[in-house]
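What follows is a short report on a single structure.
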Amino acid sequence: FQMGRLLDAPLRYQRKLRRIFKDYDGDYVALHCHTVIRGLPVLWEAKRAGIRQRIVHSHTDSLEGADHNKARLAPVISAVTLPLATELCACSSAAGTFSFGNRPFQVFPNTIRTPLFAYDRAAGAAVREELGIPDDAIVVGHTGRFTYQKNHEFLIAAFAEFKALEPKAHLILVGNGPLMEPARVQAKELGVEDAITFAGLQADVPPFLSAMDLFILPSHFEGFCISLLEAQANGLSCLAASVIYEEVQLTDSVHLCDLDAGPRVWGERLHEIAKGGRDDSEENCRRITEAGFDTESQVRTLVDRYYLR
């Protein structure tokens, strides 16, 4: 259903919700809401419609960098929203504690369709050819929106340090967002703009991962980082900020570093990690699946949860 933005027309949004629940009365066994702050109108109408199972699912452990008004109002909105839920879930322990406090919740991790993210040499080579990246380049990559959370300013500075040590280095940035243009300006100022590909938003991410040799993730904060899970499945050696939680460190491919260490140390770490080459994608996919982070197995668990409650 195309709802539009809640804040653009709150009353119209609420009327649409009410109409949906009325038109499909009896068809829904559960409502699974993946936001706390924007979940209030949906949960309210779901309760009015008699949907007995109403799940709120948290995916973040911080509002750092968020709009001031949003951060200020979040506790008030949560206090009204959460009593409407019958169950609370989170993608990680930290996300649950942040959103729900002392209320009981269950960790229900984010998952990926693991086979889709397995390393594909041919697909990676095709992406490199399309982007004009030489076969012998050492490609660092990142997937994520250009926002404060993902810390592209630090990322590009670290890449510049890495390129000083590895002249054949290239950086692929997949994603878009409000801070993309400042990132382009920074790349030019650091003299590395010709070694960076701003790939934009991509519907098919796995081939881009297969074109990379390393993955970098200097986030200021994360809930459960799905992009890091995808990178591990692809067999990429990953350098990530130490804010990343243990729950997503499912393989030996993840290397942590404090942001306080600075871009130069991150560049040196990338240079060191690059010497080890790619990791075993097949083995990483096996570990991810066995740990319960494969979509197929979790879908069965979720469906059972809906119908057995």
Would you indicate whether the side-chain heavy atoms of Arg15 and Arg12 approach each other to under 4.5 Å?
yes
Kindly give the heavy-atom pair with the smallest separation between Lys47 and Leu84, and that separation in Å.
CD-CD2, 3.8 Å
Count the heavy atoms of every other residue, nucleotide or ligand shown that sit under 6.0 Å from CG of Asn102, and state whether that count exceeds 12.
no
Test of understanding: clusters of I, L, V, M, F, W, Y form through side-chain heavy atoms closer than 4.5 Å, transitively. Do Val265 and Leu155 belong to the same one?
no
Start with the C-alpha distance between His59 and Asn110, add both sets of side-chain angles, then the distance that settles side chain to side chain contact (heavy atoms under 4.5 Å, CB included), and finish with yes or no.
CA-CA 9 Å; His59 291 270; Asn110 295 334; 3.2 Å; yes
Output for pair (Ile51 CD1, Tyr24 OH), nearest 0.5 Å, gives 13.0 Å
Report whether Ile156 and Val174 are members of the same hydrophobic cluster (ILVMFWY, side-chain heavy atoms less than 4.5 Å apart, transitive linking).
no
About how many Å separate CG of Asp194 and NE2 of His170, when rounded to the nearest 0.5 Å?
9.5 Å
Ignoring hydrogens and angles, tell me if any N or O in the side chain of Arg54 forms a donor-acceptor pair with the backbone of Cys33 under 3.5 Å.
no
Linking I/L/V/M/F/W/Y whenever any side-chain heavy atoms sit under 4.5 Å apart, do Leu229 and Leu209 land together?
yes
Nearest heavy-atom pair of Ala157 and Leu190: which atoms, and what distance?
CA-CD1, 4.0 Å
Should the ring pair Phe100 and Phe105 be called parallel, tilted or perpendicular, given that the plane angle runs from 0 to 90° and is split at 30 and 60?
tilted
Please evaluate residues Phe21 and Arg48 with respect to the criterion side chain to side chain contact (heavy atoms under 4.5 Å, CB included), reporting the C-alpha separation (whole Å), side-chain torsions for both, the decisive distance (0.1 Å), and the verdict.
CA-CA 9 Å; Phe21 285 120; Arg48 288 185 77 254; over 6 Å; no
Using 30° and 60° as the class limits, which term best fits the ring planes of His34 and His32: parallel, tilted or perpendicular?
parallel
Looking at Glu193 and Lys188, is there a salt bridge between them, counting it only when a charged N and a carboxylate O are closer than 4.0 Å?
no
Can you establish whether the number of heavy atoms outside Asp135 located under 6.0 Å from its atom CG is more than 12?
no
Heavy-atom side-chain contact between Gln14 and Trp44 under 4.5 Å:
yes
If I take atom CG from residue Leu165 and atom CD from residue Glu272, how far apart are they, to the nearest 0.5 angstrom?
11.5 Å
Does the cation-pi check pass for Arg278 over Tyr119, that is, NZ or CZ under 6.0 Å from the six-membered ring centre and within 45° of its axis?
yes
Would a hydrophobic clustering, with Ile, Leu, Val, Met, Phe, Trp and Tyr connected at side-chain separations under 4.5 Å, put Val139 with Leu131?
yes
Student check: side-chain heavy atoms of Ser93 and Glu247 closer than 4.5 Å
yes
Take Phe159 and Ile216, measure what side chain to side chain contact (heavy atoms under 4.5 Å, CB included) needs, and give me the verdict at the end.
CA-CA 9 Å; Phe159 172 73; Ile216 184 171; over 6 Å; no
Apply salt bridge (Lys or Arg N to Asp or Glu O under 4.0 Å) to residues Glu283 and Arg286 and explain how you reach the verdict.
CA-CA 5 Å; Glu283 171 63 16; Arg286 184 189 65 78; 2.4 Å; yes
Would you call Arg287 and Glu290 a salt bridge, taking side-chain N to carboxylate O under 4.0 Å as the test?
no
Would you give the length of the straight line joining atom CD1 of Ile20 to atom CG of Asp27, rounded to the nearest 0.5 angstrom?
12.5 Å
For Asn234 and Phe117, indicate whether the former's side chain and the latter's backbone hold a donor-acceptor pair under 3.5 Å.
yes
Go through the steps for Phe215 and Ile273 under the test side chain to side chain contact (heavy atoms under 4.5 Å, CB included), then give the verdict.
CA-CA 10 Å; Phe215 190 82; Ile273 294 169; over 6 Å; no
Please report the shortest heavy-atom distance between Gly292 and Pro109, naming the atom on each side.
O-CG, 4.4 Å
With the side chain counted from C-beta on, respond yes when Pro178 and Thr147 share a heavy-atom pair under 4.5 Å apart, and no when they do not.
yes
Between Arg103 and Glu87, does any side-chain N to carboxylate O distance fall below 4.0 Å?
no
Should the ring pair Tyr148 and Phe221 be called parallel, tilted or perpendicular, given that the plane angle runs from 0 to 90° and is split at 30 and 60?
tilted
Check Asp279, Thr251, Asp252 against Gln232 for a side-chain hydrogen bond (donor to acceptor under 3.5 Å, both in side chains) and give me the one that passes.
Thr251
Closest non-hydrogen contact found for Thr81 with Val36 is CG2-O, 3.6 Å
Is a side-chain donor-acceptor pair under 3.5 Å present for Ser237 with His255?
no
Hey, does the side chain of Gln249 reach the backbone of Ile244 with a donor-acceptor pair shorter than 3.5 angstrom?
yes
If we ignore hydrogens and angles and just use 3.5 Å, is the side chain of Asn176 paired with the main-chain N or O of Leu201 as donor and acceptor?
no
Using every non-hydrogen atom in the two residues, find where Thr143 and Ser227 come nearest and quote the distance to one decimal.
OG1-CB, 3.3 Å
Residue pair Asp294 / Thr114, side-chain donor-acceptor N/O under 3.5 Å
yes
Heavy-atom count check: over 12 atoms from other residues, nucleotides or ligands less than 6.0 Å from Glu153 CD?
no
Would you say the side-chain atoms of Arg128 pair up with the backbone N or O of Ala211, donor to acceptor, closer than 3.5 Å?
yes
How far does CZ of Phe108 sit from CD1 of Ile55, to the nearest 0.5 angstrom?
8.0 Å
Report yes if the side chains of Ile133 and Ile172 come closer than 4.5 Å at any heavy-atom pair, otherwise no.
yes
Is the side chain of Gln202 donor-acceptor paired with the backbone N or O of Ala199 at a distance under 3.5 Å, no angle test?
yes
Say you draw a straight line from CZ of Arg184 to CZ of Phe146; how long is it, rounded to the nearest 0.5 Å?
7.5 Å
Answer with yes or no whether the hydrophobic clustering places Ile112 together with Met212; edges join I, L, V, M, F, W, Y residues whose side-chain heavy atoms lie under 4.5 Å apart.
yes
Any heavy-atom pair between the side chains of Phe293 and Val248 that's under 4.5 Å?
no
Compare all side-chain heavy atoms of Leu239 with those of Cys257 and state whether any distance is below 4.5 angstrom.
yes
What one should report as the nearest heavy-atom pair of Ala241 and Ser219 is CB-O, 3.5 Å
Tell me whether His142 contacts the main-chain N or O of Lys150 through its side chain, where contact means a donor paired with an acceptor under 3.5 Å.
no
Verify, without hydrogens or angle tests, whether Trp266 (side chain) and Asp258 (backbone) share a donor-acceptor contact under 3.5 angstrom.
yes
Would you check if the side chain of Thr295 reaches a backbone N or O of Arg113 as a donor-acceptor pair within less than 3.5 Å?
yes
Close side-chain approach of His220 and Val243, heavy atoms under 4.5 Å:
no
Counting only heavy atoms not in Asp260, do more than 12 fall under 6.0 Å of its CG?
no
Does the side chain of Ser253 come under 3.5 Å of the side chain of Asn284 through a donor N or O and an acceptor N or O?
yes
